[in-house]
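For reference, the structure is listed below as structure tokens.
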Amino acid sequence: AVVSTQSTGLQAQTPLILSLICAHICQWLANQEQKRKEITAEDKLKLQNFRQEWENLAIKIIDETKNNYDTMWVQNLMQHKFYSWGGRSSLEIASFMKSKKFMSHSSVHMYVTRSWMGDLDPDTTYLKVLLGIFITPMFVKVYKHFFKESNVF
């Protein structure tokens with residue numbers, strides 16, 4: 001059977017976000033019930049274990065995607081915006097929920113690094129990177145020099 005990439009991507013994104021949200025709900029319930037002193041230590045431990053299971057499920061989804069597809073699939077999982085959750089991506093939701101295990105996953109680090117570096121291709125040469133680093137400050141100095149003298153701003 002032929003499966004389109006669009007439908008497969010949506011199938012993978014939904015369990016990822018739901019597992020992160022379920023992990024957060026378990027942690028939130030444990031904290032709320034502890035504040036109200038209406039939870040036993042055993043029940044709090046159960047909720048924390050459920051949280052870990054949900055978080056591990058999210059990590060398994062990332063692992064399966066990484067192992068069975070290319071890095072673009074993992075990037076799509078990280079950056080897909082969920083408008084039912086305020087237009088946030090799964091990475092933003094994991095950060096908000098303080099999902100440390102998920103945030104420390106190698107695929108998440110790879111995505112964050114690529115985003116921070118301007119989504120550079122691995123094929124980008126060092127010459128291009130160095131030119132980008134040095135040309136920008138020189139352009140700014142020249143720009144400031146000419147506009148400072150003419151008092152345009």
| query | Which heavy atom of Glu55 sits nearest a heavy atom of Lys101, and at what distance? | reply | OE2-N, 3.1 Å
| query | Quick one: do Ile59 and Leu57 end up in the same hydrophobic cluster if we chain Ile, Leu, Val, Met, Phe, Trp and Tyr together by side-chain heavy atoms under 4.5 Å apart? | reply | yes
| field | salt bridge (charged side-chain N to carboxylate O under 4.0 Å, His left out) contacts touching residues 76-93 (sequence neighbours left out) | value | Lys81-Glu92
| message | Less than 3.5 Å apart, any donor N or O on the side chain of Ser19 or Lys60 sitting next to an acceptor on the other? | response | no
| field | Co-membership, hydrophobic cluster, residues Ile21 and Leu29, 4.5 Å side-chain | value | yes
| CE of Met110 to NE2 of His105: how many Å apart, nearest 0.5 Å? | 9.5 Å
| With a 4.5 Å heavy-atom cut-off, do Ile93 and His24 have their side chains touching? | no
| said: So which atom in Ser99 and which in Leu20 form the shortest heavy-atom distance, rounded to 0.1 Å? | reply: OG-CD2, 3.9 Å
| said: To the nearest 0.5 Å, what is the distance between CG on Leu16 and OG on Ser89? | reply: 10.0 Å
| request: Answer with yes or no whether the hydrophobic clustering places Ile25 together with Phe96; edges join I, L, V, M, F, W, Y residues whose side-chain heavy atoms lie under 4.5 Å apart. | output: yes
| query | Charged N to carboxylate O below 4.0 Å: is that the case for Glu42 and Lys46? | reply | yes
| request: List in chain and number order the residues that pass salt bridge (charged side-chain N to carboxylate O under 4.0 Å, His left out) with Lys44, two or more places apart in sequence or in another chain; answer none if no residue qualifies. | output: none
| Under the 3.5 angstrom rule, does the side chain of Thr65 hit a backbone N or O of Ile61 as a donor-acceptor pair? | yes
| said: So, taking the atom named CE in Met103 and the one named CE in Met97, what distance separates them when rounded to the nearest 0.5 Å? | reply: 12.0 Å
| Cluster check Leu45, Phe50: I/L/V/M/F/W/Y, side chain < 4.5 angstrom | no
